[in-house]
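Some notes on the structure that comes next.
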Amino acid sequence: MKYDFFKIEKKWQKFWLENKTFKADNNSKKPKYYVLDMFPYPSGSGLHVGHPLGYIASDIVSRFKRSKGFNVLHPMGFDSFGLPAEQYAIKTGQHPKKTTEENVLRFKNQLDKLGLSFDWDREIKTSDSNYYRWTQWIFLKLFNSYYDHGLNKALPIEKLKIPKNLNEKEIESFKDTKRLAYVDTINVNWCEELGTVLANEEVIGGLSERGGFPVIKRPMKQWVMRITDYADRLLNDLSELDWPESIKLSQKNWIGKSEGAEIKFPIDNNFIEVFTTRPDTIFGVTYLVLAPEHPLINEITTEKYRKSISEYVELASKKSDLERQENEKDKTGVFTGSFALNPISNEKIPVWISDYVLFSYGTGAIMAVPAHDERDNKFAKKFDLKIIKVIDGGKKDECYTGNGSIINCGEYDGIDNIKFKSIVVEKLESNNKGNKTTNYKLRDWIFTRQRYWGEPIPIIYDENKKRALEFDDLPLELPKVESYLPTNDGLSPLARNNNWVNISINGKNYLRETNTMPQWAGSCWYFLRFIDPDNNNEFANKDLIKHWMPVDLYVGGAEHAVLHLLYARFWHKVLFDLGYVSTSEPFKKLINQGMILGNSAFAHRIKNTNDFISFDMIKDEKTQKIHVDISFVDKNNRLNIEKLKKNNPEFRDVNFIKGESFYVSRDIEKMSKSRYNVISPDDICKRYGADTLRMYEMFLGPVEQSKPWNTGGISGVFSFLNKFWKLFHRDEKFYVSDDQPSDEVLKIYHKTVKKVVNDIDNFSFNTSVSAFMICINELSSMGCSSRNILSNLCILLSPFAPHICEEIWSLLGNDKSISYEKYPEFDEKFLEESIVEYPVSFNGKLRFKISLQNNIEIKEVESLVNNHKLTNKYLDGKSIKKIIFVPKKIINIVF
RNA sequence: GCGGGUGUGGUGAAAUUGGUAGACACGCUAGAUUUAGGAUCUAGUGCUUCACGGCGUGGGGGUUCGAGUCCCUUCACCCGCACCA
C-alpha cells in the first residue's frame, strides 16, 4: 500500500474539524497550557512558506503538551484592521470589510491544509464589532483612569485627589491632565503619503515603517496614551520574563532610562532648565543650547539676533527627522544674544539654539560641556566657543568622556568625578537650583490615526469642542462613508459622514471623535478574548482569565520587539492594576521564529537599453538587476524565456543576449510577491503533503534562525515519511507483529524518545527530526515490526507529522484520535551499555580503542596500564605521570 | 559611535558539563535494479597524501593531558538603537 498523503491528510483534516478534536475545555481538571501564535494580518497575497514556520513549531508544542496530559489552549484569529485593506478600498471602492473577509477565508483554508491544531471555535477578528466593542471599552477604562505614583498603579479617575479651591471646570481639566488616555496638541509624526499620524515606534530612521515614506513633525491635536507612567514597571518586569535577551534589550533601549539631574540656569528674571547625566561637569559648562522648538527662545532672543534666530527656527521646522539626522556630523546653530548664569560657578555663559538638541527629550535644552561631550565639542570647535577641562584624563585638547579626578574647580579639585556628581546635586538641591531626576527616552504613545479601517474612538465632544466625554453605548460601529480617503485638512475619512459626526443625546448636541485607533490596539489584548470569545457581558470572564493566563508560550516574529509587545504589556498592566486580569505580565515565554527567505532570480538589463544579457556573458557592461519569477528559472539558473514572455508582457519586446542559455543571477531576499520569489505552501502540500512540509520546515534549522528556503532538500524528509509508512507494511499490506522487541530495538527506541522529548522542551525541532530519521533507518534495517514499539513511535511522531500518524493509529485498530494518547516516556535502563569502547589516548592524541565493562573502576584501568599490556608500544621506555579517566568514555595517559 | 549576535565541509546544519568535530539531510561519485524516472536500494564523500600520516571549527595568541566550546586579541558579516545630553 502506497503512502497516499493526499487522501490521508484530507481525511484527517475533515475528522479533526468535525469532531472538534482540538476544542479547549474551560472546565478541565488537567493542568492548563496556553500556546499562542502572533495572529496574522490577512493580506491579499495569501501565505508563503515563511508564515507557517512559527505556527508549525507552536503546533508541535501544543500537540506534545496535549499528549502529555495538559489542557491546551491553542487559538487562532486575525488582526484584520489595517492599512492594506484600506488602501485597496481607496483604489477600488470596495468596502474593506468585504476584502478582509475574503482574505480571512483564504488564510484559514491555507492554515487548515497544514494540519494545525487550532481551536477554531475561538476564532476572533479584530474588525468584528463584537470584538472591537471591548477594545473600545478598554480605551474608556484608560480614559477613566490615572496613575497613582505613590501606590505605583493605575486607579479609577474618581479616586484622584483633587487640589482644593478648584471650581467645577477646573476640576475637570485637572482630571484631564492625569488620564491615561488624553488629548494633547503635540508635535506628531505626520506621514503625508499615508495621510496619517504615526507612533514613534512606527517611524524608523525618519521614514514610515510601512512603505518607507518620509515623516515630518507637525503639531496636531491627538489622543495619546500615558505609557510613560509605566516606564519603570515595563523596564523592571522584563527581568522576570523568559524572553530572548535581544528582545528584552530592545525594549530596555527603547524605554531608555537614564539617571541624572535637572538644573536651572537663571536668565534675566527667568531660568532655563536642562537635563544632564553629568552634573559632575557643571564647572565645564561653557554655553547652553536650546532646541529650536523651545518656548523660551522668543523671550530671550535679543533684537540684534532676532532675525537670524527666526530664520533658523523656521528652517528647522521644515526639516524632516531624516534631514536632521543627515547633518549629524556638521553641527548648525545660532546665538540668541542672551547669557545665562551657571548656578554653581556663577559664570556668565552664552545661550545658543541648535537642532542637535531634541525638543522631545529631557527638557529640550542642554548644558554644553565641550571638554567632555563629543557633540558639544564639535559644536564648540565650529563656533569657537570656550572649552574648559574639568576631569583629568584623555589626551590634551581632545574630548574626554571617561571618569577621573576633578580639575579646574578650585576647592573641589582631586575629588573623584563619580563622587562629585552627588556633591553637585546636593548643592543644587539645597539652593533650589536643581534636583536629581530620571529621564526616559520613551514618549507617550500617539494613539490616533486618520484612517477609516480601524476602531472608532468612543468619545464625543460638547458643542464647543472644549471637553471630551466618554461615549459608552458600545460597540460604536464604523459608519458608512462615501470615500475612504483622508480629507484634505488631515481629518479621518469618518469626518466625511456628517450624519454620524453630529449626535444628539438627551436634547444636547455633540460631535464625535473622527479619528480611529492604530492597528496595535486590537492586538493589545486579543490573547484575553481567546479565553472567552463569546462573552457579551465582559471582555472575558475573570475566573477564566485566572485559569488560562498567562500565555505559557508565545511564538512570533522579532519585528514586534518594541511595538506590539510593548503596547500589549502596557495595556495588560493597566488591566492588572484595575483588577481585570490576574497577572502583571501577559506572555511568560517568548520565542521568535526566524524569517524564511526567498531565493530571488534576476535578469540583467544593460543600462539605458532594452537589451537583457545572460549573467555569464557580462563583462564591462553596466547592468540593472530586474526580478524575474523564480518559477521560470531552473536549478542551473537558466531562464525559460518563452514562459517569461508569455506570462510577463513587459518582457515581450525585450532582446535577450545569450549563448546557449540565458542565465540569471540569484540573491537571498525576503519572500514577497513583488520580488517574484514566493514559494507557496499549497504547492508543497500538493507535491509532498503537509506532513512533509511540516517536518521539512522544522528540519531546515533552528526555529529562531532566519534561513533561505531551498526546496531541494525536501526529498530527504519525504522519503523518511515513506520509510516510516513502510515500517508498518509487509508485502503491500499493513503489518505489525506481537514479537518481543530485541534489546537493540529497545535501545534505539528509548534513545529516540529521550532525544525527542528533550528537544521539544528546548525548541530544538531540527535535531528531533534527525533523531526520527536515524531511528527509522535503524529499525527498518533490523526489520522491527513490534506492535508495541511501532505504535509508541507513532505517538512520538504525531506532533510533527499528525496526519500519517493518525492514519496508522487507526490502522492499528484504535478508534480515537491519537491527539490525546499518552506521550511515550523513556527508560534509562535500556540506554545503559555494558560493554563500551573506550578511546585511549597518549598525551591527548588518540591512539586506539579498548572495550571495557561500562562500570569499570579507574584502578582497574591503572593496573591494566601498569602491567604494560596496553602501553609498551607507545610509551617507548618513558614513565607514566598520570592516567585520566573521564566519564565521557576517554582514557588519557600522560607521560 | 553604542549595544547585541553569528562565523564549523560543496549546501542546510549537529556536537549536555571542555572529552573520538562534521550526526542527520541535500548535493556529488560509483554500483545494482528498472523500458524509463525528479523512483528504489548499496557503498563512498572535510582537506591533503599512492600510502603511513599530516592538517582542519574566520585569523593570531593563551589556559589545559585534551578547546568548536574557556580567556585575550584581531578580522568579517548580520540585527537593534542612533545628535537621547
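So that the names make sense, note that chain A is the first sequence line, chain B the second, and so on, each numbered from 1.
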For this session: Would you please confirm or rule out a distance under 4.0 Å between OP1 or OP2 of B:rA15 and any side-chain N or O of A:Thr767?
Result: no
For this session: Describe, in one word, how the ring planes of A:His564 and A:His560 are oriented to each other, choosing from parallel (under 30°), tilted (30 to 60°) and perpendicular (over 60°).
Result: perpendicular
Exercise. In the strands shown, is B:rC52 matched to any nucleotide by a Watson-Crick or G-U wobble pair with both distances under 3.5 Å, and which?
Worked result: none
Problem set entry | side-chain contact (heavy atoms from CB on, under 4.5 Å) partners of A:Ile668, counting only residues at least two apart | A:Leu597, A:Asn599, A:Pro708
Exercise. More than 12 heavy atoms of other residues, nucleotides or ligands under 6.0 Å from NZ of A:Lys252: is that the case?
Worked result: no
Problem set entry | Assigned partner base of B:rU34, Watson-Crick or wobble definition, under 3.5 Å | none
Contacts under 3.5 Å, N or O only, protein and nucleotides 24-30 of chain B:
| unit_1 | atom_1 | unit_2 | atom_2 | d |
| --- | --- | --- | --- | --- |
| B:rA25 | OP1 | A:Asn777 | ND2 | 3.1 |

For this session: Name the pairing partner of B:rU29, where a pair is Watson-Crick or G-U wobble with both distances under 3.5 Å, or state none.
Result: B:rA43
Seminar exercise, completed: Under a 3.5 Å limit on both distances, the Watson-Crick or wobble mate of B:rG9 is none
For this session: State yes or no: are the ring centers of A:Phe724 and A:Phe772 separated by less than 6.0 Å?
Result: no
Problem set entry | Nearest-Å distance for atom pair CE/P, residues A:Met367 and B:rA85 | 12 Å
Exercise. Near RNA chain B, under 4.0 Å by heavy atom, which residues of residues 247-257 of chain A?
Worked result: A:Leu249, A:Ser250
Exercise. B:rU16 C1' sits how many Å from A:Asp759 CG, rounded?
Worked result: 11 Å
Exercise. Which part of the nucleic acid does A:Asn439 contact within heavy-atom distance under 4.0 Å: base, sugar-phosphate only, or nothing?
Worked result: nothing
Exercise. When we call it a touch if two heavy atoms are under 4.0 Å apart, what does A:Gln705 touch: a base, just sugar-phosphate, or nothing?
Worked result: sugar-phosphate
Seminar exercise, completed: Applied to residues 710-727 of chain A, the side-chain hydrogen bond (donor to acceptor under 3.5 Å, both in side chains) test, sequence neighbours excluded, yields A:Trp709-A:Thr711, A:Lys723-A:Asn777
Exercise. Using the purine O4'-C1'-N9-C4 or pyrimidine O4'-C1'-N1-C2 torsion, is B:rG9 syn (within 90° of 0) or anti?
Worked result: syn
Exercise. Does A:Asp4 pair with A:Lys2 as a salt bridge, N-O distance under 4.0 Å?
Worked result: no
Exercise. How would you list, by chain and number, every residue that makes a salt bridge (Lys or Arg N to Asp or Glu O under 4.0 Å) with A:Lys643, sequence neighbours excluded?
Worked result: none
Exercise. NA contact type, A:Pro708, heavy-atom cut-off 4.0 Å: base, sugar-phosphate, or nothing?
Worked result: nothing
Exercise. Which residue pairs pass the salt bridge (Lys or Arg N to Asp or Glu O under 4.0 Å) test with at least one member in residues 753-771 of chain A, sequence neighbours excluded?
Worked result: A:Lys754-A:Glu828, A:Lys755-A:Asp759
